[in-house]
Amino acid sequence: MEAAWDNILMLILILALIWVWKKFNSLWLTPKRLEKILREQGLRGSPYRFKVGDTKETLKMQMQAMSKPMNLFSNDIGPRVSPYDHYIVNKHGKNSFIWNGQTPRVTLTDPELIKDVFNKIYDFGKPNMGPNIRSLIPGLAMHEGEKWSKHRKIINPAFNLEKLKNMLPLFIQCCDDLISKWEEMLSSDGSSEIDVWPFVKNLTGDVISRTAFGSSYLEGRRIFQLLKEKTELILKMRGQRTDYTCRLVPKRMKEIDRDIKASLMDIINKRDKALKAGEATKNNLLDILLESNHKEIEEQGNNKNVGMNLEEVIEECKLFYFAGQDTTSVLLVWTMILLSRYPDWQARAREEVSQVFGNQKPTFDGLNQLKIVTMILYEVLRLYPPGVGVPRKVIKDVKLGNLSFPAGVEIFISTILVHHDSELWGDDAKEFKPERFSEGVLKATNGRFSFFPFGGGPRICIAQNFALLEAKIALSMILQCFSFELSPTYTHAPTMVMTIQPQYGAPVILHKREMEAAWVNILMLILILTLIWAWKKLNSLWLTPKRLEKILREQGLRGSPYRFKVGDTKESLKMQMQAMSKPMNLFSNDIGPRVSPYDHYIVNKHGKNSFIWNGQKPRVTLTDPELIKDVFNKIYDFGKPNMGPNIRSLIPGLAMHEGEKWSMHRKIINPAFNLEK
Ligand code: HEM
């Protein structure tokens, strides 16, 4: 009995020693060995701290960075969204390392090395993210090796361009819904302040629900609501150890998982049965994926092991939600924020959209013609990439450039550091300048691998065309209907919550374009009427008098020069007053200078048949009897001048009539003055 106890105690002791050794190895010996290998190659980084590594420092810096907003006009978001990487690279140089717990993580910023890591998918795998993150980002994004290549081959057709073309009406329908919601929120003047961030998230959720599940869209939406709740619970649990997070959250998460699985299983089984019964494949991701899966199984002699099983299809559908929603929504929200800050680019994008589509809905071919919109989206993806970086782990000892990485080291491809690197992008690296993409990505990057918002190599985002198509449609339709500017309540605070998001939302003032267009039309009309009025005035006050003056002078007639608008009116009145101020010599009959002083003066000065200015009209004073006779006779050539309404009301009737009317009235009145009468 005693011997048995001794053996048990011995066994416990051995097991305890093995446990202690393993712990000691993983918590101290391995990290120190890896650190030594990295340092021996000249790599620098923070020293290993037992068990925790840099976790505490990372969290602390993250909290500090998030506690204060950024300058509204800055795009230098690196120190806010990835503060510790930023600090370490500044301190230790490019390609330095930090400690993710007990694992050294080398931050790569060299484009050539990054390209190599993306390409060597069998040397650099996905690091272990823990069960919670794995349950949020399952399926293809986490698979490795054979399983990954099999799934990628089956899922690929769902994102093929021809298939995406057929999904266009679904994208447009979702954008129409968003625009209708915003229109309902406008006040009577056609504008409103709206936090667009939750709406944009909803839009991308809607798009993925409809494109993934087609007619089962409402069930899909419910699943996505559950996944959203799960994401929020996981984010809440990070670093918090309350009764709620330790006991109740895991319970709720299990319920959510069960619910999601049952619903997805139901949708998938229904569609699978319909497809097997010969129903045509619909334009949704699930149908295309199921069809591709059947084809793969058939091609391999109906060997069930080659295709995806139900569980795996469920996992891929869950991934569509996660990968498809938060990424495209942040691209759209930052695009709206940046176009609010740079209204000239907003106007240029709208101009292009209106040239390509007018007021019509976007078409697939039209979307391919959008150059400015594409440049803008690329620049937003450069400055505000949805992910700060892409993690990898070294699966087996590998050489990368001059460096050797032992298995167990993690690599962090820092998208944000490379996208903002002034050595790669120039001194204006942190400025919003879509024009750098005017001749495409290759020219903008000078052929270097320095722009990779969608990752790279064989594992590049399977849905990048889907995401860009969605963003182009949404942006085009928003630009067609609204113009927008940042609200004064907007706080610039990009923050990292799985993706780079606006911490305090995106309050934007939307203005309905039709209203704006109506105002522009009214202003245009006013401008045109004003121009016509100004032209008429210029013509009557200057051009016509000067033209008439020229004609008269060219014939040798002389007279006073035209004075703008008033002509000789002032002079004439002044002379009249002067003449009237003193009586004449009692014995004189030379009344001309007193009763018609100005005509008298002008004729004296310029000779007979000279002219003066009655306001803007030249008035030739005739004194030649022959000419005078002619004028009296040619009543259809020489009419009565316009005397103004007052004089006309004093001297109305026959004396003012002309032409036919005059001759008719004259004929009727004549007998009244006949000598006989
Ligand atoms: C602006 C939008 C998007 C961005 C910036 C983006 C970015 C990325 C990146 C960087 C990767 C590579 C990750 C790695 O190598 O570890 C990736 C992979 C992936 N993305 Fe996207 N993504 C976007 C939209 C979408 C959408 C809309 C979907 C699905 C509907 C999607 C599905 C996937 C999948 C399934 C993978 C895994 C591919 C593989 O490992 O083979 N993404 N994405």
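Just follow the structure's listing: the first ligand is 1, and inside any ligand the first atom is 1. What you see is a predicted model, and the numbers here were worked out from it, not measured in a lab. The chain is numbered in sequence order, starting from 1.
- Counting only heavy atoms of the protein, atom 30 (C) of ligand 1 lies nearest to I208 CD1, 3.4 Å.
- Residue R392 places a heavy atom under 4.0 Å from ligand 1.
- Within the 3.5 Å criterion, the main-chain N or O of I372 finds no donor-acceptor partner in the side chain of R348.
- Taking the charged nitrogens against the carboxylate oxygens, K295 and E298 have no contact shorter than 4.0 Å, which rules out a salt bridge.
- Within the 4.0 Å heavy-atom criterion, both parts of L140, backbone and side chain, lie near ligand 1.
- No more than 12 heavy atoms of other residues, nucleotides or ligands sit less than 6.0 Å from atom CG of N402.
- Between D85 and R105 a salt bridge is recorded (basic side-chain N to carboxylate O distance below 4.0 Å).
- Shown in contact with W148 at under 4.0 Å from a heavy atom are these atoms of ligand 1, numbered in order with element: 39 (C), 40 (O), 41 (O).
- Counting non-hydrogen atoms of neighbouring residues, nucleotides and ligands closer than 6.0 angstrom, the OH atom of Y342 exceeds 12 such neighbours.
- Among all protein heavy atoms, the one lying closest to atom 7 (C) of ligand 1 is P453 O, 3.5 Å.
- Of all protein N/O/S atoms, those under 2.8 Å from atom 21 (Fe) of ligand 1 are C461 SG, and waters are not counted.
- The pair R459-E144 counts as a salt bridge, with a side-chain nitrogen and a carboxylate oxygen less than 4.0 angstrom apart.
- For a threshold of 3.5 Å applied to N or O pairs, the pair formed by K126 and ligand 1 contains at least one separation below that value.
- The nearest heavy-atom contact from the protein to atom 35 (C) of ligand 1 is L319 CD2, 3.4 Å.
- Less than 4.0 angstrom separates some heavy atom of T328 from each of these atoms of ligand 1: 2 (C), 27 (C).
- A salt bridge links E219 with K270: at least one charged nitrogen is closer than 4.0 Å to a carboxylate oxygen.
- Scanning all protein heavy atoms for the shortest distance to atom 38 (C) of ligand 1 gives R152 NH1, 3.4 Å.
- In summary, D177 and R210 engage in a salt bridge, as defined by a charged side-chain N under 4.0 Å from a carboxylate O.
- A salt bridge does not link K371 to E352: none of the charged side-chain nitrogens sits closer than 4.0 Å to a carboxylate oxygen.
- Atom numbering of ligand 1 starts at 1 in the shown order; those under 4.0 Å from a heavy atom of F466 are 27 (C).
- Judged by the shortest distance from any of its heavy atoms, F452 lies outside the 4.0 Å radius around the atoms of ligand 1.
- Of the protein's non-hydrogen atoms, the one nearest atom 40 (O) of ligand 1 is R459 NE, 3.0 Å.
- For residues 326-338, there are no salt bridge (charged side-chain N to carboxylate O under 4.0 Å, His left out) pairs, not counting sequence neighbours.
- Between F432 and W345, the ring planes lie perpendicular to each other; the angle is over 60°, past the 30° to 60° tilted range.
- Side-chain N/O atoms of N75 and Y384 include a donor and acceptor closer than 3.5 Å.
- In this structure, G387 does not count as a contact residue of ligand 1, since none of its heavy atoms falls inside 4.0 Å of the ligand.
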